[in-house]
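Every value quoted in this text rests on a predicted model; they were computed, and no experiment measured them. Lettering of chains follows the sequences in order, A, B, ..., and the numbering in each one begins at 1.
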Protein chains: 2
Amino acid sequence: MAAGYITDPAEIYRQSFATIRAEAELSRFDTATANIVVRMIHACGMTDLAGDIVVSEEFAAAGQAALVKGGAVICDVEMVRHGIIGRLLPAENAVLCALSDPRVAERARLAGTTRSAAQVELWDAQLEGAVVVIGNAPTALFRLLERIDEGAPMPAAIIGAPVGFVGAVESKDALIANPRGVPFIAVRGRRGGSAIAAAALNALAAGLEGHG
Amino acid sequence: MAAGYITDPAEIYRQSFATIRAEAELSRFDTATANIVVRMIHACGMTDLAGDIVVSEEFAAAGQAALVKGGAVICDVEMVRHGIIGRLLPAENAVLCALSDPRVAERARLAGTTRSAAQVELWDAQLEGAVVVIGNAPTALFRLLERIDEGAPMPAAIIGAPVGFVGAVESKDALIANPRGVPFIAVRGRRGGSAIAAAALNALAAGLEGHG
């Protein structure tokens, strides 16, 4: 059919990635990290996001190794969980979100905190060697850092992209200032979101398959 | 607990919305529309999004009436579907996404198009009086406009917020230039995404309950 617009999925990806690589300032990243940043930009339509990325040198390798070893992918919200492309995962990795766990609402009420933060204590059994993907809630990222300080199991990597006007900047600055030895990627500032966070995880998995 | 960050969910919302209203240029919107734009900004962390919003005068009323009448909420991707806050919906409205329908992949292959576009033909039975929420795929928005031109049932309102580098700008410009009589809200330009799109729908529903 002559649609008057591009309909071929492979061509849409090709042109999208070519535009991003032409416009975004990626020179400070190594190849594996640049591939991740390209997909994060692809998810939000903003090439200047590259300037707000802060990333550990070892993030790409650590995140990919965690996935290959079968580490869980722990998401702060269902939107992130549903943005993960399951077929890219190398080890049928569990993709989890505890926000709707029936224990969470009551725990949040008792602690005077958000459900997003209250769920973090329920991550412990899967946290060792997991990749944590935070795309919505600053309080989840703050609470994760507290839990690590309290002796919780250590995740293999953190994708820190909570979004918004209260705590988003501060929670990511806290991660960047002291990542507790955990390799991470973060989007500095108010921007972030489920799509950007999920894209970073998908990029780790896609890199393993040579999808770039 | 003295967390060193704000943990009260109501206070987080209050401060977030106050910051958005202080920073964003909302004066060209009526009250109901401004409430929607505030929630779209809340979802992405960018107050300048207001400048890219194009909206029909009748969008808020038409979208809310559709929800009250029990119209379906049709989403282009699962991330949008999982961003819809079900408890806000006034009539136990169906929240649908056909992307994973087993018929879609084969239809897309045969038509040489994306799965996002191929799913649109499966919307027909729910399309009359529905609110369509497009937060990812330009080809879904293009195809919806084609389907309306071909005589498909008329949705009650369209939320047009596909994102990215190939077709996002053009599909939204096509909607804005000729909305086929359907009330709409769109984010002009490359920006958009599941969170912004879902937030617009949630704002319609929240407005009904007086949550603002």
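- Across all their heavy atoms, V182(B) and P155(B) have their closest contact at CG1-O, 3.7 Å.
- Note: C44(B) leads G193(B), C44(B), A117(B) in heavy-atom pairs under 4.5 Å with chain A.
- Side chains of T139(B) and I12(A) form a contact here, defined as non-hydrogen atoms less than 4.5 Å apart.
- Scanning for salt bridge (charged side-chain N to carboxylate O under 4.0 Å, His left out) contacts around E11(B) gives R14(B), with sequence neighbours left out.
- Atom CD of E150(B) has more than 12 heavy atoms from other residues, nucleotides or ligands within 6.0 Å.
- Contact annotation for residues 157-168 of chain A against chain B (heavy-atom separation below 4.5 Å, listed by residue number): V163(A), G164(A), F165(A), V166(A).
- Using a 4.5 Å cut-off between heavy atoms, I196(B) does not touch chain A at all.
- Residues L201(B) and L89(B) are in side-chain contact: their nearest non-hydrogen atoms beyond the backbone lie under 4.5 Å apart.
- Using a 4.5 Å cut-off between heavy atoms, T114(A) touches chain B through backbone and side chain atoms alike.
- A salt bridge (Lys or Arg N to Asp or Glu O under 4.0 Å) with D52(A) holds for exactly one of R190(A), R188(A), K172(A), R191(A); it is R191(A).
- For chain A, the nearby parts of S194(B) are the backbone and the side chain; heavy atoms of each come within less than 4.5 Å.
- Within 6.0 Å of the OH atom in Y13(B), the count of heavy atoms belonging to other residues, nucleotides or ligands does not exceed 12.
- Using cut-offs of 30° and 60° for the angle between ring planes, the H42(A) and F17(A) rings count as perpendicular.
- When heavy atoms are compared at a cutoff of 4.5 Å, Q15(B) approaches chain A by way of both its backbone and its side chain.
- A heavy-atom distance below 4.5 Å is not found between the side chains of T7(B) and F142(A).
- Using a 4.5 Å cut-off between heavy atoms, A174(B) does not touch chain A at all.
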